[in-house]
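Just below is one structure, and these are the notes that go with it.
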Amino acid sequence: MGTFWSKERSPEGELPNELGRRQAVAGRVLMAVLLFGVLLASSLLLFFIFQSCGPCTCETPVCLDLLARYLASGNSSVDPCTNFFTFACENANGTSNSFQILAEENKSRLRRILEAPDSWRVGSGEEKAFKFYNSCMDTLAIEAAGTGPLKHIIEELGGWQLSGNWTSPDFNRTLRLLMSQYGYFPFFRASLRPHPSPPHAPVIQIDQPKFDIPLKQEQEQKIYAQILRVYLAYLNRLGTLLGGDSFEVQNHTALSISITSQLFQFLRPLEQRQAQGKLFQIVTIAQLQEMAPAIDWLSCLQATFTLMSLSPSEPLVVHNLEYLKNMSQLVEEKQLMHRDFLQSHMILGLVYTLSPALDSNFQEAHRELSQKLQELTGQPPMPAYPRWMKCVQHTRNFFAPTLAALFVRDAFNLSIQNAAMELFSAIKDALLTHLKMLPWMNEETRKEAQERVIQLQVKMGAPEWVLKPKLTNQYSDIQLGPNFLQSFISCVQSLQARTVQAALQPFPQHRWQVSPWGVNAYYSIPDHMVVIPAGLLQPPFFHPGYPRAVNFGAAGSIMAHELLHIFYQFLLPGGCPSCNTRALQEALLCLENHYAAFPLPSGVSFNASHTLLENAADMGGLAIALQAYFKTLLSNHGETTLPKLGLSPQQLFFRSYAQVMCKEPGHQDSQDTHSPSTLRVHGPLSNTQAFARHFQCPHGSLMNPSSRCQLW
Ligand SMILES: *[C@@H]1O[C@H](CO)[C@@H](O)[C@H](O)[C@H]1NC(C)=O
Ligand SMILES: *[C@@H]1O[C@H](CO)[C@@H](O)[C@H](O)[C@H]1NC(C)=O
Ligand SMILES: *[C@@H]1O[C@H](CO)[C@@H](O)[C@H](O)[C@H]1NC(C)=O
Ligand SMILES: *[C@@H]1O[C@H](CO)[C@@H](O)[C@H](O)[C@H]1NC(C)=O
Ligand SMILES: *[C@@H]1O[C@H](CO)[C@@H](O)[C@H](O)[C@H]1NC(C)=O
Ligand SMILES: *[C@@H]1O[C@H](CO)[C@@H](O)[C@H](O)[C@H]1NC(C)=O
Ligand SMILES: *[C@@H]1O[C@H](CO)[C@@H](O)[C@H](O)[C@H]1NC(C)=O
Ligand SMILES: *[C@@H]1O[C@H](CO)[C@@H](O)[C@H](O)[C@H]1NC(C)=O
Ligand SMILES: *[C@H]1O[C@@H](CO)[C@@H](O)[C@@H](O)[C@H]1NC(C)=O
């Protein structure tokens with residue numbers, strides 16, 4: 001409209017005389033007529049557009065797929081104003097949220113790729129990945145091989161008393177082989193990682209071990225004892241599966257449990273070490289040898305890190321020296337009294353870690369162990385994963401670079417990347433606008449915050465090397481066959497070597513912490529970079545062909561949520577000295593109260609201050625994505641929505657936001673920093689005035705409360 005008036009006005013000033021004035025009057029009449037015509041035509045056109053499809057529905061296959069998901073998950077007869085969670089998520093199945101479901105689905109995608117006939121290039125790295133997957137799926141061959149391949153390995157390690165063929169083993173030799181050939185570290189962990197202090201050159205780090213059984217320092221004595229009993233029963237079963245006499249086996253397993261339990265007593269949690277200011281120490285190999293003499297450090301580490309040339313003066317970063325000293329003492333004691341049992345302890349641990357590559361007896365024993373441990377620790381039961389899913393996981397683990405490239409070739413392309421970048425820019429712009437409206441930021445903080453948003457880098461989809469993979473065979477060291485166990489072990493060795501090699505390489509750029517098929521976006525503080533993997537830019541979160549409302553509501557909210565993590569330290573106590581602290585504290589308190597006021601399904605509890613930061617990011621993420629979406633409504637026409645749901649585009653935005661959060665309420669992990677799913681839906685949506693307006697929620701209903709909070 002503005003352009004019409006300015007065009008009319010400007011000639012007027014340029015026509016001074018009578019004639020000119022008359023011409024001007026005639027011109028004005030003409031213009032008015034024209035204008036009227038244009039207005040009439042355009043309103044007819046608008047009428048026609050709204051009449052014919054007001055707004056259009058998207059009926060492409062991708063939209064119909066999405067519709068089917070929405071219809072299956074929600075219950076549209078529930079009043080959205082009193083329980084939007086049920087409206088959107090009533091039939092959320094199981095305890096997985098949409099992210100986990102997406103991650104599972106993407107495993108099916110990898111399966112499809114791996115099972116497609118003749119889809120690899122002979123002699124390439126791909127070929128090995130496909131062959132490995134196939135031998136993992138060949139359960140007939142694995143059953144036929146039985147325990148033979150495993151017994152062979154045990155003999156290579158020096159044998160053990162239990163299976164008869166018995167040479168008195170050398171402790172250091174067995175340990176060296178376990179670490180270097182099988183990637184198994186029974187008494188401590190050793191890895192090559194950047195030095196904690198600048199310039200962060202790679203250095204060998206020694207840390208306390210991670211136990212495979214869920215022991216926790218704060219566990220009740222009763223549960224602790226039960227866990228050990230369950231684990232003991234499992235080890236007994238392993239011993240007999242390997243042909244040991246059940247009485248003799250019991251002697252060995254009992255000692256193994258006692259070693260585990262004693263080592264466990266030596267552990268110190270990170271927080272405790274932090275509090276004591278003893279996070280790590282730098283010692284040389286020679287010094288460590290003196291302090292923890294039971295281990296032949298130089299030979300064990302040299303065998304593990306073959307690419308390095310180590311000497312006694314090599315510095316190590318040691319994370320818990322006390323533990324290593326105690327562990328060494330324990331090993332020496334056991335070596336004196338129960339030499340053979342120490343060997344059994346190491347072999348039983350190895351069998352446990354190799355069990356994924358063993359026959360069905362071992363798989364079944366492992367499954368029962370996990371089930372009992374979950375019951376004891378109150379974890380939700382894990383679904384019984386089908387064989388293919390386990391094989392996809394192993395293949396993914398060992399052949400990550402290849403599978404990344406295959407996944408990206410199948411699931412990601414330039415048009416998705418461009419559409420996602422466009423969405424991201426819109427979200428970023430909205431955040432910049434948003435920063436101007438925050439009452440708790442002063443001018444200086446605001447400038448600084450805006451600067452940080454402007455300087456932020458983003459990686460979308462996959463790292464460069466995945467998008468343009470080299471065709472070299474990077475798995476030349478992997479030997480497949482003669483049985484699955486040997487293939488598995490060869491893959492373990494290759495992976496370990498590649499990990500060390502990668503750590504030794506200078507790496508100026510950002511190193512991706514997720515795989516392209518991952519579904520977790522993240523913000524990397526040192527690189528000041530947001531990373532959004534291709535796995536997340538998939539249905540039902542994102543598709544270039546979706547209605548804009550869906551992409552903004554789902555993927556857009558997630559992007560905005562991640563962006564806000566740039567500023568999370570502002571919200572910590574004392575995190576923003578130059579902010580208006582009172583206004584900020586009030587906003588935070590308001591947020592905490594807002595969440596605490598919601599009714600929760602019975603049996604679900606949560607701690608509103610523990611989840612405060614994530615709640616803030618959920619709430620802010622929604623507000624920013626909404627603002628970005630509303631802005632596109634001003635400049636774009638032809639908004640679409642999904643058929644059958646009866647939702648306007650704006651309503652669809654909110655529905656899509658909720659869909660991301662859908663998860664059966666119930667089990668809430670007390671460590672989880674996110675709120676239960678009902679609150680992740682209700683907290684942010686009820687705090688949004690536009691939600692109440694578009695769903696016409698009466699004042700005072702759950703989703704239209706009398707007061708709201710503004711943090712972001
Ligand atoms: C949907 O919600 C209504 C009202 O609460 C309820 O009667 C109905 O059983 C629900 N339908 C399904 C499929 O859960
Ligand atoms: C929910 O999961 C169960 C098994 O876990 C399955 O039988 C059922 O069909 C699923 N329901 C929906 C709606 O997906
Ligand atoms: C014992 O070891 C020898 C050589 O390592 C091997 O030839 C023999 O078959 C083994 N015997 C048993 C019973 O495993
Ligand atoms: C089990 O160990 C005890 C003592 O450690 C020993 O006396 C006993 O003979 C052992 N039993 C077997 C079957 O090895
Ligand atoms: C570890 O060793 C130190 C000194 O040798 C000893 O004081 C401490 O009690 C030991 N820790 C445990 C848990 O046994
Ligand atoms: C392992 O080797 C080291 C260094 O040679 C030695 O001090 C230690 O006693 C050996 N450990 C065992 C348990 O034999
Ligand atoms: C990219 O992928 C999308 C979604 O799978 C698809 O619709 C589109 O046709 C693809 N574009 C190109 C250029 O391959
Ligand atoms: C809630 O979490 C906070 C922060 O993590 C913690 O300080 C507080 O003790 C917790 N409260 C309860 C009741 O668990
Ligand atoms: C990840 O990628 C796609 C492949 O099927 C999407 O359809 C999707 O829903 C998600 N999981 C999948 C898809 O496998």
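Whatever order the structure lists them in is the order used to number ligands and atoms, beginning at 1.
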Show me a pair-per-line table, with atom names and distances to 0.1 Å, of protein N or O atoms that are under 3.5 Å from an N or O of ligand 6.
residue: ligand 6; atom: 2 (O); partner: N172; partner atom: OD1; Å: 3.4
residue: ligand 6; atom: 2 (O); partner: N172; partner atom: ND2; Å: 2.2
residue: ligand 6; atom: 7 (O); partner: P293; partner atom: O; Å: 3.1
residue: ligand 6; atom: 11 (N); partner: N172; partner atom: ND2; Å: 3.1
residue: ligand 6; atom: 11 (N); partner: A294; partner atom: O; Å: 2.8

(request) Would you mind listing which atoms of ligand 7 come within a distance below 4.0 Å of any non-hydrogen atom of N413? (result) 1 (C), 2 (O), 3 (C), 8 (C), 10 (C), 11 (N), 12 (C), 14 (O)

(request) Determine whether the aromatic ring centres of F84 and F654 lie less than 6.0 Å apart. (result) no

(message) So if I count the atoms of ligand 1 from 1 in the order they appear, which ones are less than 4.0 Å from some heavy atom of S77?
(response) 1 (C), 2 (O), 3 (C)

(request) Assert yes or no for the condition that the ring centre distance of W297 to F188 is strictly below 6.0 Å. (result) yes

(request) Can you run down the side chain to side chain donor-acceptor pair (under 3.5 Å) pairs that involve residues 302-311, sequence neighbours left out, and say none if there aren't any? (result) S311-S313

(message) Under 6.0 Å between ring centres: does that hold for F552 and F653?
(response) no

(request) Could you list the atoms of ligand 7 found under 4.0 angstrom from a heavy atom of S415? (result) 1 (C), 10 (C), 11 (N)

(message) Tell me every residue that passes side chain to side chain contact (heavy atoms under 4.5 Å, CB included) with L336, counting only those two or more places apart in sequence or in another chain.
(response) none

(request) Report, in ascending order of atom number, the atoms of ligand 1 lying under 4.0 Å from any heavy atom of E90. (result) 1 (C), 10 (C), 11 (N), 12 (C), 14 (O)

(request) Go through the structure and list residues passing side-chain hydrogen bond (donor to acceptor under 3.5 Å, both in side chains) with T86, not counting sequence neighbours. (result) N83

(message) Any carboxylate oxygen within less than 4.0 angstrom of a Lys/Arg side-chain nitrogen, looking at E126 and R409?
(response) yes

(request) Have a look at ligand 7 and work out which part of I416, if any, has a heavy atom under 4.0 Å from it: side chain, backbone, both or neither. (result) side chain

(request) For Y70 and S656, test the side chains for any donor-to-acceptor distance below 3.5 angstrom and give the result as yes or no. (result) yes

